[in-house]
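The structure under discussion appears below in the form of structure tokens.
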Amino acid sequence: MVYSIVALIFIVPSNFLFDKMGARFGVTLGGIFLVIGMWIKVLINDQFWLVIFGQSIAALGNPFLATVSTKVSSVWFGKDERSMANTLA
């Protein structure tokens with residue numbers, strides 16, 4: 001539940017950062033959030049609130065990686081090819 005709520009909140013800021021900083025920055029930042037969050041969940045899992053904290057950090061990276069396919073396809077492909085590119089991604 002935490003994952004969905006945090007990802008829903010940060011979908012708009014992630015799109016803003018994609019537009020301002022570029023896809024490489026967005027994907028790198030999303031990957032960093034996912035790695036840090038997962039390592040918190042795996043290595044420091046003796047208390048429940050730390051697991052939820054790690055889940056929240058990992059959820060920050062989800063919007064960056066979930067929206068990258070549409071951003072890249074809008075740049076690389078023409079109008080007629082975008083739907084196929086998003087389907088295959």
Side-chain angles (χ1 to χ4, degrees):
M1 186 70 161
V2 171
Y3 201 88
S4 299
I5 292 171
V6 172
L8 182 66
I9 292 170
F10 283 96
I11 195 99
V12 173
S14 70
N15 282 328
F16 177 75
L17 281 174
F18 264 120
D19 291 339
K20 293 296 178 186
M21 305 296 273
R24 178 179 285 175
F25 176 79
V27 169
T28 304
L29 187 62
I32 289 171
F33 281 137
L34 281 174
V35 168
I36 290 171
M38 291 303 153
W39 278 112
I40 289 172
K41 284 173 41 177
V42 169
L43 296 178
I44 312 172
N45 59 0
D46 59 341
Q47 295 178 357
F48 183 71
W49 70 272
L50 286 172
V51 174
I52 296 298
F53 178 70
Q55 184 78 358
S56 300
I57 297 296
L60 289 174
N62 184 35
F64 290 99
L65 300 175
T67 60
V68 72
S69 65
T70 56
K71 295 288 184 182
V72 170
S73 69
S74 69
V75 173
W76 284 3
F77 297 101
K79 281 184 173 182
D80 298 334
E81 299 168 332
R82 288 181 192 162
S83 60
M84 181 61 75
N86 285 328
T87 302
L88 296 176

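Here, residue 1 is the first one in the sequence, and each next residue gets the next number. Here the structure is a predicted model, which is why all the values come from computation and not from measurement.
Here F53 pairs with I40, I57 under the side chain to side chain contact (heavy atoms under 4.5 Å, CB included) rule; sequence neighbours left out. Under the side chain to side chain contact (heavy atoms under 4.5 Å, CB included) criterion, V6 pairs with V2, F10, S56, A59, L60, not counting sequence neighbours.
Rounding to the nearest 0.5 Å places CE of M21 at 10.0 Å from CZ of F16. Rounding to the nearest 0.5 Å gives a distance of 9.5 Å between CD of Q55 and CZ of F48. Atom-to-atom distance recorded for L29:CG and F18:CZ is 9.0 Å, nearest 0.5 angstrom. Interatomic distance, M38 CE to L43 CG, rounded to the nearest 0.5 Å: 12.5 Å.
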### Task
Go through the steps for V27 and F64 under the test side chain to side chain contact (heavy atoms under 4.5 Å, CB included), then give the verdict.
CA-CA 6 Å; V27 169; F64 290 99; over 6 Å; no

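Residues A7 and N62 approach most closely at CB-ND2, 3.7 Å, considering heavy atoms.
I5 and I52 fall within a single hydrophobic cluster, where Ile, Leu, Val, Met, Phe, Trp and Tyr are joined by side-chain heavy atoms under 4.5 Å apart, directly or via other members. A continuous path of hydrophobic side-chain contacts links L34 to V68 [ILVMFWY only; heavy atoms under 4.5 Å]. A chain of hydrophobic side-chain contacts below 4.5 Å, direct or via other Ile, Leu, Val, Met, Phe, Trp or Tyr residues, connects F25 to I36. If you chain together hydrophobic residues whose side chains sit under 4.5 Å apart, F33 and V51 never meet in one group.
Surrounding CG of D46 are more than 12 heavy atoms belonging to other residues, nucleotides or ligands, all under 6.0 Å away.
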